[in-house]
Engineer: 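Let me begin by handing over the structure; questions about it come next.
Keep in mind that the numbers below use all heavy atoms, side chains included, and drop hydrogens, waters and symmetry copies. Numbers here simply count residues along the sequence, with the first being 1. From a predicted model like this one, the values you see are computed outputs, not experimental measurements.
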Amino acid sequence: MASPAPSLAAPLLALAALALLASASAAAGCSATDRDALLAIRAALSEAHLGVFSSWTGSECCTNWYGVSCDPSTGRVADLTLRGEAEDPVMAPAGRPASGVMSGYISDAVCRLDRLSSLILADWKQISGAIPPCVATSLPYLRILELPGNRLTGEIPQSIGSLSRLTVLNLADNLISGAIPSSITSLASLKHLDLTNNQLTGRIPADVGSLAMLSRALLGRNKLSGPIPTSVGSLTRLADLDLAENQLTGAIPDNLGSAHMLTSLYLGSNRISGRIPASLLQNKGVGILNLSRNAVEGAIPDVFTAQSYFMVLDLSRNRLTGTVPRSLSAAAYVGHPAGSHNRLCGTIPTGPPFDHLDAASFASNSCLCGGPLGKCT
């Protein structure tokens with residue numbers, strides 16, 4: 001009887017496995033195009049103290065270059081993360097947090113890294129120039145754009161709304177000017193927006209409420225004007241809203257108090273007028289409320305309950321009238337109530353939180369007395 005023919009399955013499987021390994025090895029290698037782009041980015045920047053670019057040598061940018069990460073299946077650069085304040089062993093070998101200084105500018109070569117998912121150049125203090133406009137049009141996979149703590153100038157790219165995957169936009173602590181682009185409201189995936197401490201002017205886009213995923217909107221310390229858009233109240237996921245130290249006018253939207261996830265609201269140092277919405281003080285989630293240094297008027301709504309819990313409640317330097325709400329003494333906790341420099345009158349209630357406050361909390365009102373201000377005559 002003839003012996004069976006030898007099976008070809010095992011050798012074919014072995015060859016296929018070798019081919020896959022070879023393919024994976026080739027894919028894992030750094031793309032020459034991306035490597036050239038990274039070198040162009042490095043050429044536009046200068047950092048002498050920490051030596052963050054000392055590892056940017058050789059051809060293998062995906063495995064050995066500090067701050068660079070690649071997609072293992074394609075070998076394309078997916079993340080560029082360089083932070084000037086860091087605690088990792090490379091930048092802080094002695095175990096102490098490092099604080100670096102980098103100068104130069106962001107080269108438009110960054111736009112050749114067209115598979116980039118995150119671009120982070122944060123807290124370098126001296127990186128200047130504008131954000132390359134092509135960042136908004138040539139990086140379709142970008143999810144995180146963080147460039148805070150530098151000296152960037154110019155405007156936010158007008159086409160920023162084209163970055164449909166963007167979840168984090170952090171440009172805080174720069175010198176960026178101009179208006180907030182209207183296209184920003186097209187960023188349907190945006191969760192974190194931080195434009196704090198720049199020189200932005202103009203109005204907050206009226207349809208900012210279309211950013212359905214937004215949980216943090218930090219726009220404080222700019223030169224923004226006009227009213228707070230009523231659409232802000234429709235942001236059902238919004239937890240932190242900071243609009244302090246701008247030039248905002250008009251009233252606090254009534255529906256802002258119905259934002260059920262809201263925990264902190266900073267509106268201090270604007271030109272806001274109108275009354276305090278009762279729903280804002282009734283919102284059980286709000287723990288920090290700062291309305292100081294505005295032109296808010298009328299009585300403080302007497303709507304506090306045993307569920308009210310305020311770590312900060314600052315209503316100072318407004319035009320509030322009437323009495324100090326008696327229901328405030330029923331609140332679970334009020335850490336730092338401040339009602340000074342208003343037009344309040346009457347007797348300050350007794351009991352907590354009033355029994356642990358000093359006179360500064362109620363100074364410079366029309367005719368308040370009692371509590372820390374002394375007996376009424």
Engineer: Under a 3.5 Å cutoff, is there a donor and acceptor pairing between the side chains of Ser73 and Asp71?
Structural biologist: yes

Engineer: Within a strict 4.5 Å, meaning less than it, do heavy atoms of the Leu281 and Ile300 side chains meet?
Structural biologist: yes

Engineer: Tell me the closest heavy-atom pair linking Asn294 and Ile272, and the distance in Å.
Structural biologist: OD1-N, 3.0 Å

Engineer: Report the C-alpha distance between Arg216 and Asp242 in whole Å, list the side-chain angles of each, state the deciding distance to 0.1 Å, and finish with yes or no for salt bridge (Lys or Arg N to Asp or Glu O under 4.0 Å).
Structural biologist: CA-CA 8 Å; Arg216 303 191 77 200; Asp242 182 359; over 6 Å; no

Engineer: Please tell me if the side chains of Thr321 and Leu344 come closer than 4.5 Å, counting only heavy atoms from C-beta onward.
Structural biologist: no

Engineer: If the test is side-chain contact (heavy atoms from CB on, under 4.5 Å), which one of Leu121, Leu116, Leu169 qualifies with Leu145?
Structural biologist: Leu169

Engineer: What are the two closest heavy atoms between Tyr66 and Ser55, and how far apart are they?
Structural biologist: N-OG, 2.8 Å

Engineer: Kindly confirm or rule out an SG-SG distance below 2.5 Å between Cys30 and Cys70.
Structural biologist: no

Engineer: Working note: Glu146 + Arg83, criterion side chain to side chain contact (heavy atoms under 4.5 Å, CB included); need CA distance, chi angles, decisive distance, verdict.
Structural biologist: CA-CA 10 Å; Glu146 292 193 58; Arg83 297 186 183 274; 3.7 Å; yes

Engineer: Quick one, Gln247 and Arg271 - any side-chain contact, counting heavy atoms below 4.5 Å?
Structural biologist: yes

Engineer: Is there a path of hydrophobic side-chain contacts, each under 4.5 Å between heavy atoms of I/L/V/M/F/W/Y residues, joining Met213 to Leu218?
Structural biologist: no

Engineer: Locate the shortest heavy-atom distance separating Ile106 from Pro132; write the atom from each residue and the value.
Structural biologist: O-CG, 3.4 Å

Engineer: In the single-linkage hydrophobic clustering (I, L, V, M, F, W, Y; side-chain heavy atoms under 4.5 Å), do Val68 and Val135 co-cluster?
Structural biologist: yes

Engineer: Given 3.5 Å as the limit, does a donor-acceptor pair link the side chain of Ser107 with the main chain of Ala109, or not?
Structural biologist: yes

Engineer: Taking atom CZ of Arg42 as the centre, report whether more than 12 heavy atoms of other residues, nucleotides or ligands fall under 6.0 Å from it.
Structural biologist: yes

Engineer: Starting from the C-alpha separation in whole Å, work towards a yes-or-no answer on side chain to side chain contact (heavy atoms under 4.5 Å, CB included) for Arg76 and Asp34.
Structural biologist: CA-CA 7 Å; Arg76 299 296 307 279; Asp34 287 357; 2.8 Å; yes

Engineer: Checking Asp207 against Thr185 for the side-chain hydrogen bond (donor to acceptor under 3.5 Å, both in side chains) test, could you report, in this order, the C-alpha distance in whole Å, the side-chain angles of both residues, the deciding distance, and whether it holds?
Structural biologist: CA-CA 7 Å; Asp207 56 345; Thr185 61; 3.3 Å; yes

Engineer: So, Asn283 side chain and Ala259 main chain: donor-acceptor pair closer than 3.5 Å or not?
Structural biologist: yes

Engineer: Is Tyr266 reachable from Leu235 through a run of I, L, V, M, F, W or Y residues, each pair having side-chain heavy atoms under 4.5 Å apart?
Structural biologist: no

Engineer: Measure the spacing between CD1 of Ile288 and CG of Leu241 and express it to the nearest 0.5 Å.
Structural biologist: 12.5 Å

Engineer: Check the angle between the aromatic planes of Phe304 and Phe310 and answer parallel, tilted or perpendicular using the 30° and 60° thresholds.
Structural biologist: perpendicular

Engineer: Please round to the nearest 0.5 Å and tell me the distance separating atom CD1 of Ile252 and atom OG1 of Thr230.
Structural biologist: 14.0 Å

Engineer: Do Val324 and Pro349 touch side chain to side chain, with heavy atoms closer than 4.5 Å?
Structural biologist: yes

Engineer: Can you name the nearest heavy-atom pair linking Leu152 to Ser128, along with the distance?
Structural biologist: CD2-O, 3.7 Å

Engineer: Establish, from distance only, whether the side-chain atoms of Ser327 and Asp302 form a donor-acceptor pair under 3.5 Å.
Structural biologist: yes

Engineer: Nearest 0.5 Å, what's the NE2-OG distance between His341 and Ser316?
Structural biologist: 8.0 Å

Engineer: What residues, two or more places apart in sequence or in another chain, satisfy side chain to side chain donor-acceptor pair (under 3.5 Å) together with Ser264?
Structural biologist: Asp240

Engineer: Do Leu320 and Leu315 come close enough that some side-chain heavy atom pair is under 4.5 Å?
Structural biologist: yes

Engineer: Where do Ile228 and Pro253 come nearest, in terms of heavy atoms and distance?
Structural biologist: O-CG, 3.6 Å

Engineer: Running the 4.5 Å side-chain criterion over Ile, Leu, Val, Met, Phe, Trp and Tyr, what cluster does Ile144 land in, apart from itself?
Structural biologist: Ile120, Val168

Engineer: Would you say Thr196's side chain and Ala172's backbone share a donor-acceptor pair under 3.5 angstrom?
Structural biologist: no

Engineer: Might you point out which heavy atoms bring Ser159 and Ser183 nearest each other, and give the distance in Å?
Structural biologist: C-OG, 3.9 Å

Engineer: Does the salt bridge (Lys or Arg N to Asp or Glu O under 4.0 Å) test come out yes or no for Arg35 and Glu60, once each step is laid out?
Structural biologist: CA-CA 8 Å; Arg35 184 172 64 252; Glu60 218 30 78; over 6 Å; no

Engineer: How about Pro205 and Ile184: do any of their side-chain heavy atoms sit closer than 4.5 Å?
Structural biologist: yes

Engineer: Looking at Glu47 and Leu50, would you say the former's side chain and the latter's main chain have a donor-acceptor pair under 3.5 Å?
Structural biologist: yes

Engineer: Quick one, Leu248 with Leu224, criterion side chain to side chain contact (heavy atoms under 4.5 Å, CB included). Give me CA distance, side-chain angles, the key distance, then yes/no.
Structural biologist: CA-CA 6 Å; Leu248 300 175; Leu224 299 171; 4.2 Å; yes

Engineer: Mind checking whether Met102 and Ile176 sit in one hydrophobic cluster, side chains of I, L, V, M, F, W, Y counted as touching below 4.5 Å?
Structural biologist: yes

Engineer: Is any side-chain heavy atom of Thr347 closer than 4.5 Å to one of Cys369?
Structural biologist: yes

Engineer: Among Ile156, Leu171, Asn246, Leu219, exactly one meets side-chain contact (heavy atoms from CB on, under 4.5 Å) together with Leu200. Which residue is that?
Structural biologist: Ile156

Engineer: Among the clusters formed by ILVMFWY side chains lying less than 4.5 Å apart, do Leu214 and Leu187 turn up in the same one?
Structural biologist: yes

Engineer: Does a donor on one side chain and an acceptor on the other come within less than 3.5 Å for Asp173 and Asn197?
Structural biologist: yes

Engineer: Passes salt bridge (Lys or Arg N to Asp or Glu O under 4.0 Å), Lys125 versus Glu85? Steps please.
Structural biologist: CA-CA 10 Å; Lys125 306 173 185 64; Glu85 307 287 340; 2.8 Å; yes

Engineer: Is a side-chain N or O of Ser308 found less than 3.5 angstrom from the main chain of Ala331, in a donor-acceptor match?
Structural biologist: no

Engineer: Are any non-hydrogen side-chain atoms of Ser138 and Asp114 less than 4.5 angstrom apart?
Structural biologist: no

Engineer: Quick check: does any side chain N or O of Asn222 sit under 3.5 Å from a backbone N or O of Asn198, one acting as donor and the other as acceptor?
Structural biologist: yes

Engineer: With no hydrogens and no angle check, is any side-chain donor or acceptor of Asn150 less than 3.5 Å from a backbone partner on Trp124?
Structural biologist: yes

Engineer: If you count every heavy atom of other residues, nucleotides or ligands that lies below 6.0 Å from Arg165 atom CZ, does the total exceed 12?
Structural biologist: yes

Engineer: Looking at OG1 of Thr263 and CE of Met311, how far apart are the two atoms once the value is rounded to the nearest 0.5 Å?
Structural biologist: 7.5 Å

Engineer: Decide side chain to side chain contact (heavy atoms under 4.5 Å, CB included) for Leu289 and Val312; before the verdict, give the C-alpha distance in whole Å, the side-chain angles of both, and the deciding distance to 0.1 Å.
Structural biologist: CA-CA 6 Å; Leu289 179 61; Val312 174; over 6 Å; no

Engineer: About how many Å separate CZ of Phe53 and CG of Leu45, when rounded to the nearest 0.5 Å?
Structural biologist: 5.0 Å

Engineer: Roughly how far, to the nearest 0.5 Å, is the OG atom of Ser117 from the CZ atom of Arg115?
Structural biologist: 10.0 Å

